[in-house]
Amino acid sequence: MEIRSASRRGYAHALVHADDAEELLTRTLPTVRAAVRDSGAQVVLAVSDPVGTGVREALDGTGAVVSRLTTLTRSARESGQTVAAWRARELRALSSSGRPVVLLCEHDDSLDGVDGGFWVEYEAALNISLSGLPVTQICAYPRIPLHARVGAAALANHPLLLSGNELVPNPDFRPADEVMATTRIAPPHLLGPPDVRLSYNTFELSRVRDAVSDAARAVRLDTVRGEDMVQAVNEVATNAVEHGAPHADLSVWAGSEGLVCEVHDHGRITQPLIGLAPPHPSQSRGRGTWIARQLCDSLHVWRAADGTHVRLLAHT
């Protein structure tokens, strides 16, 4: 069965077109059933309630283990790369049982934004963050989405197409770096003047840690969460002055919903989707952003005319 060989190879990212819940179920259920029957795959859902109900009813009595991915927070929904990092953590934990995962996803137009850019970033980021995991992900998109960019990104970001009950190569697929080379990652929403703003250099990183630690206490983050945020910001702040520019800036917002920290330097990164793939054990450098992504609720990197920005968030 093609889906079994895809699972053994690692991450298999497939596109299927479906214009409603009924068509989505008709086109995907044979493949999902085959994965459960042939490889004992666990089924994970990121779909609307009608589709989820249909999947559960179709698999009733098969012994299939069916679960849902966690619901996205508002901050995560603004950052495709953050969602991809979340999904990688969840799926890495699920697949650690030794059973492959078949993940069924459905396009959610509430995430389109003004131009559909979320989906370009998110699907490209998945190809990095889930690489090597025993996960077969089937993504259902309408044939004519509201934003043409969504449809074009779906074709560019999926290396496979679901054709009948087989995963076949997609001739329109392009690697993540090619997709993102022509894509501007949108900055997150504006927050107003920060509560703390400081400039620092390589020898002043202790000032960065102290500022974040004080802010974490101010918003009443628990001790472990506060320490995690201090470490996450320190990793990003260190990268900024080691690889970006001699000096960098830290802005901190301490509010009722949590702690937001933004690091800005005047350097230019060539790869905007950084820190999504786990570093190899032999890799001595380049771990900082990946570590930071594991320690906070949201980490969003974007390029602007004045350099590189990284915004980190920890909810209270």
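Remember, predicted model here, so these are calculated numbers, not experimental data.
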task: Quick one: do Asp249 and Ser251 satisfy side chain to side chain contact (heavy atoms under 4.5 Å, CB included)? Show the steps, please.
output: CA-CA 7 Å; Asp249 302 306; Ser251 299; 5.6 Å; no

Expected list for residues 151-159: side-chain donor-acceptor pairs under 3.5 angstrom, two or more places apart:
| residue | atom | partner | partner atom | Å |
| --- | --- | --- | --- | --- |
| Asn157 | ND2 | Val120 | O | 3.3 |
| Asn157 | ND2 | Ala153 | O | 3.3 |
| His158 | ND1 | Ala154 | O | 2.6 |
| His158 | NE2 | His13 | NE2 | 3.2 |

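- Going from atom NE2 of His247 over to atom OG1 of Thr202 covers 8.5 Å, rounded to the nearest 0.5 Å.
- Between Trp86 and Ser298, the closest side-chain pair of non-hydrogen atoms is not below 4.5 Å.
- Shown here for Ala46 and Leu69, the closest heavy-atom pair between the two residues is CB-CD1, 4.0 Å.
- Across all their heavy atoms, Ala124 and Ala176 have their closest contact at O-CB, 3.6 Å.
- For Glu235 (side chain) and Ala232 (main-chain N/O), no donor-acceptor pair under 3.5 Å exists by modelled atom type.
- Between the Arg287 side chain and the Pro279 main chain, no donor and acceptor come within less than 3.5 Å of each other.
- A donor-acceptor pair is defined here as one N or O able to donate and one able to accept, closer than 3.5 Å; such a pair exists between the side chain of Arg303 and the backbone of Ile269.
- Residue Glu178 places its CD atom among more than 12 non-hydrogen atoms of other residues, nucleotides or ligands, all under 6.0 Å distant.
- No option in Ile128, Asn127, Val301 other than Ile128 meets the side-chain contact (heavy atoms from CB on, under 4.5 Å) test with Leu273.
- In this structure, Gln137 contributes its side chain and Cys105 its backbone to no donor-acceptor pair below 3.5 Å.
- Annotation: side chain of Phe173 is not in contact with side chain of Leu160 (no heavy-atom distance under 4.5 Å).
- Expressed to the nearest 0.5 Å, how far NE2 of His147 lies from CD1 of Ile144 amounts to 14.5 Å.
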message: As a quick check of understanding, evaluate side chain to side chain contact (heavy atoms under 4.5 Å, CB included) for Leu191 and Arg311, giving each step before the final call.
response: CA-CA 11 Å; Leu191 294 175; Arg311 182 179 290 185; 3.6 Å; yes

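- Linking ILVMFWY side-chain heavy atoms closer than 4.5 Å, directly or via other members, places Val263 and Ile185 in two distinct hydrophobic clusters.
- Minimum interatomic distance between Gly258 and Val219 (heavy atoms only, all atoms of both residues): O-CG1, 3.9 Å.
- The shortest non-hydrogen separation linking Thr28 to Val16 is CG2-CG1, 4.0 Å.
- Using a 4.5 Å heavy-atom threshold, the side chains of Glu262 and Pro194 count as separate.
- Under the 4.5 Å side-chain heavy-atom criterion for grouping Ile, Leu, Val, Met, Phe, Trp and Tyr, Phe118 is connected to Val150 within one hydrophobic cluster.
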query: Between Ser79 and Glu121, is a side chain to side chain contact (heavy atoms under 4.5 Å, CB included) present by the stated rule, with each step listed?
result: CA-CA 8 Å; Ser79 171; Glu121 178 186 335; 3.9 Å; yes

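- Inspection of the Ser213 and Arg217 side chains reveals an N or O donor paired with an N or O acceptor under 3.5 Å.
- To the nearest 0.5 Å, the span separating OG on Ser67 from CD on Glu90 amounts to 8.5 Å.
- Val230 and Leu205 fall within the same hydrophobic cluster, defined by Ile, Leu, Val, Met, Phe, Trp and Tyr side-chain heavy atoms under 4.5 Å apart, directly or through other members.
- In this structure, Met180 CE and Thr270 OG1 are separated by 12.5 Å, a value rounded to the nearest 0.5 Å.
- The closest donor-acceptor contact from the side chain of Thr308 to the backbone of Gly267 lies under 3.5 Å.
- Summarising the geometry, atom CG belonging to Leu162 is positioned 6.5 Å from atom CZ belonging to Arg27; distances are rounded to the nearest 0.5 Å.
- Between the side chains of Glu78 and His300, not a single donor N or O lies within less than 3.5 Å of an accepting N or O.
- Here the side chains of Leu250 and Val212 are in contact, with some heavy-atom distance below 4.5 Å.
- Proximity of Val43 to Val102: side-chain heavy atoms (C-beta onward) are separated by under 4.5 Å at one or more points.
- Judged by distance alone, the side chains of Thr73 and Asp297 never bring a donor and an acceptor atom under 3.5 Å apart.
- Two residues are said to be in side-chain contact when any heavy atoms from C-beta on lie closer than 4.5 Å; Thr136 and Thr31 fail this criterion.
- A donor-acceptor contact closer than 3.5 angstrom links the side chains of Asp112 and His107.
- Taking every heavy atom of both residues into account, Leu15 and Tyr141 meet most closely at CD1-CD1, 3.6 Å.
- Of the inter-residue distances, the one linking Thr316 atom OG1 with Arg225 atom CZ reads 8.5 Å to the nearest 0.5 angstrom.
- In Arg197, the CZ atom is not crowded: 12 or fewer heavy atoms of neighbouring residues, nucleotides or ligands sit closer than 6.0 Å.
- His264 and His266 have perpendicular rings, their planes meeting at more than 60° on a 0 to 90° scale where under 30° would count as parallel.
- Distance alone, capped at 3.5 Å, is enough to place a donor-acceptor pair between the Thr82 side chain and the Leu299 backbone.
- Contact of the Gln81 side chain with the Pro272 side chain is not registered, since no non-hydrogen atoms from C-beta on lie closer than 4.5 Å.
- Val65 and Val135 fall into different hydrophobic clusters, where Ile, Leu, Val, Met, Phe, Trp and Tyr residues are linked whenever their side-chain heavy atoms come under 4.5 Å apart, directly or through other members.
- The shortest heavy-atom contact between Arg68 and Gly52 is NH1-CA, 4.5 Å.
- Using a 4.5 Å heavy-atom cutoff, the side chains of Asn239 and Val310 are not in contact.
- Within 6.0 Å of the CZ atom in Arg220, the count of heavy atoms belonging to other residues, nucleotides or ligands does not exceed 12.
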- request: Take His17 and Glu23, measure what side chain to side chain contact (heavy atoms under 4.5 Å, CB included) needs, and give me the verdict at the end.
  value: CA-CA 9 Å; His17 286 115; Glu23 184 181 14; over 6 Å; no

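- Across Val233, Leu221, Asp195, a single residue satisfies side-chain contact (heavy atoms from CB on, under 4.5 Å) together with Leu259, and that is Leu221.
- In the hydrophobic clustering of ILVMFWY residues, with side-chain heavy atoms under 4.5 Å counting as a link, Val241 and Val252 come out together.
- Counting only distance, with no hydrogens or angles, the side chain of Arg149 and the backbone of Trp119 share no donor-acceptor pair below 3.5 Å.
- The neighbour count for Glu257 CD, taken as heavy atoms of other residues, nucleotides or ligands under 6.0 Å away, does not exceed 12.
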